[in-house]
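Worksheet for the structure shown next.
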Number of protein chains: 2
Amino acid sequence: MQLTKTEEELMNHLWRLDKAFMKDLLEAYPEPKPATTTVATLLKRMADKGFVSYTRFGNSREYFPLVKKKEYFSKQVNSLIKNFFNDSSSQFASFFTKETNLSKKELQELRAIIDSELQNK
Amino acid sequence: MQLTKTEEELMNHLWRLDKAFMKDLLEAYPEPKPATTTVATLLKRMADKGFVSYTRFGNSREYFPLVKKKEYFSKQVNSLIKNFFNDSSSQFASFFTKETNLSKKELQELRAIIDSELQNK
DNA sequence: ATTTTTATTCTACATTTGTAGAATACCCTC
DNA sequence: GAGGGTATTCTACAAATGTAGAATAAAAAT
């Protein structure tokens, strides 16, 4: 199952905080903050979808992510690639390199990463 | 505004075909094909969102995309980057290179692209 | 202990999305 | 020009999403 945009936003807070109580999550939002009940509903739905869980502490809960940001993100990218580039990551890579505004420095860094990846092949 | 997954699928057909009548779009779907009315509804919604338009031909219409695949896709990637990498494309690039399964050949191609990009800087 | 604050659950409701039938209008063919 | 195929519009409806009030329960503060 998929997270919606709104759920993703909350998930991002949770990833950043690593684990968090309701109040921490509310704090994480910029003004205007959503109602507590709104966040509670989102958390419940996200728990149903298997993205978060929690530890009980008295009556309240410490929420934590069940899915790593990396994993989640990786699926996102892969689905983008599948959807728009007939599953060709190189086509995507080429597109990405040309179309996003990487600075000279960033491009050089990226080349370094690629070189080190090539070492392992 | 955003396209939903289902709308994206249709949009993909349209991009591939460049322009198309209802019947072409229906053909483009794999079995089980959606009902004509379903596609019609989607097209209308997509037109409302400003993603497609059409030329009248008698009582039927030749639909065409108003947004280029490249543009659309570019926005998707940028929003992914913004959402998950605090707007840092280099962080994303690094992630991408490490986490997607690029073959040796693809990595080499990618390096070539980067080199040629670096020429222009 | 009484009040205040805070989190949770239950309920609710408007909007969006996925899907398609019914009715209608048009074009093509015999 | 009557009948069959096809596209469009209208209508509908279930499910998902965004949002939050009311009621409740428990913890913290005074």
Side-chain angles (χ1 to χ4, degrees), chain A residues 1-14 17-67 72 75-76 79 83, chain B residues 1-14 17-67 72 75-76 79 83:
Chain A
M1 193 132 27
Q2 271 272 304
L3 292 179
T4 67
K5 290 288 165 208
T6 319
E7 288 165 348
E8 263 181 22
E9 187 186 7
L10 180 48
M11 199 66 187
N12 251 323
H13 294 319
L14 200 49
L17 298 170
D18 202 52
K19 51 191 180 166
F21 291 94
M22 174 56 81
K23 105 180 134 48
D24 307 316
L25 290 171
L26 274 173
E27 260 169 38
Y29 278 92
E31 298 297 345
K33 296 180 194 302
T36 314
T37 49
T38 302
V39 177
T41 304
L42 292 177
L43 284 168
K44 182 177 296 213
R45 288 177 187 167
M46 286 157 79
D48 289 348
K49 293 182 181 179
F51 285 90
V52 308
S53 186
Y54 53 82
T55 318
R56 261 172 207 297
F57 272 83
N59 73 324
S60 65
R61 305 159 171 185
E62 189 174 43
Y63 296 91
F64 57 88
L66 282 180
V67 183
Y72 182 80
K75 280 198 190 107
Q76 298 294 298
S79 123
N83 257 277
Chain B
M1 194 133 28
Q2 271 271 303
L3 292 179
T4 69
K5 289 287 166 209
T6 319
E7 289 166 347
E8 262 180 21
E9 187 186 5
L10 180 48
M11 200 65 187
N12 252 321
H13 294 320
L14 200 50
L17 298 169
D18 201 53
K19 54 190 178 164
F21 291 93
M22 174 56 80
K23 106 180 134 45
D24 307 316
L25 290 171
L26 274 173
E27 260 169 38
Y29 277 92
E31 298 296 344
K33 297 179 194 301
T36 314
T37 49
T38 302
V39 177
T41 304
L42 292 176
L43 284 169
K44 183 178 295 214
R45 288 179 187 165
M46 286 156 81
D48 288 348
K49 293 181 180 180
F51 284 90
V52 307
S53 186
Y54 53 82
T55 319
R56 262 174 208 292
F57 273 85
N59 74 323
S60 64
R61 304 158 172 186
E62 190 173 42
Y63 296 92
F64 57 88
L66 281 181
V67 182
Y72 182 79
K75 280 196 190 111
Q76 298 294 297
S79 125
N83 258 276

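A note on names: the letters A, B, ... follow the listed sequences, proteins ahead of strands, and every chain is numbered from 1.
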Review point. How far apart are the C-alpha atoms of A:Tyr72 and A:Glu8, what are their side-chain angles, what is the distance that settles it, and do they pass the side-chain hydrogen bond (donor to acceptor under 3.5 Å, both in side chains) test?
Key: CA-CA 10 Å; A:Tyr72 182 80; A:Glu8 263 181 22; 2.8 Å; yes

Study note, to complete from the structure: Min and max contacting nt of DNA chain D in 5' to 3' order, chain A heavy atoms within under 4.0 angstrom, are D:dT17 to D:dA27

Check your understanding: Tell me: CZ of A:Arg45 to P of C:dT16, nearest whole Å?
Key -> 15 Å

Review point. How many Å lie between CZ on B:Arg61 and P on C:dC26, as a whole number?
Key: 13 Å

Exercise for review: Take B:Thr37 and A:Thr6, find for each the nucleotide of DNA chain D with the closest heavy atom, and name the residue whose nucleotide sits nearer the 5' end.
Suggested key: B:Thr37

Exercise for review: For A:Ala40, answer base if it contacts any base atom (sugar-phosphate contacts may also be present), sugar-phosphate if it contacts only those atoms, and nothing otherwise; contact means non-hydrogen atoms under 4.0 Å.
Suggested key: base

Review point. Within this structure, what is the CZ-to-P distance between B:Phe21 and C:dC27, rounded to whole angstrom?
Key: 13 Å

Review point. Rounded to whole angstroms, how far apart are CG on A:Leu25 and P on C:dA7?
Key: 10 Å

Study note, to complete from the structure: Separation of C:dT16 atom C1' from A:Lys5 atom NZ, nearest Å, is 16 Å

Practice item. Measure across B:Leu25 and B:His13 and return the closest heavy-atom pair with its distance rounded to 0.1 Å. Key: CD2-CB, 4.2 Å

Review point. Quick one: B:Met11 CE to C:dG18 C1', roughly how many Å, whole number?
Key: 19 Å

Check your understanding: Can you tell me how far C1' of C:dG18 sits from CD of A:Gln2, to the nearest Å?
Key -> 15 Å

Exercise for review: Using a 4.0 Å heavy-atom cut-off across all strands, classify A:Thr38 as base, sugar-phosphate, or nothing.
Suggested key: base

Review point. Within less than 4.0 Å of OP1 or OP2 of C:dT17, is there a side-chain N or O belonging to B:Lys49?
Key: yes

Exercise for review: Figure out the CG/C1' separation between A:Leu42 and C:dT8, and round it to whole Å.
Suggested key: 14 Å

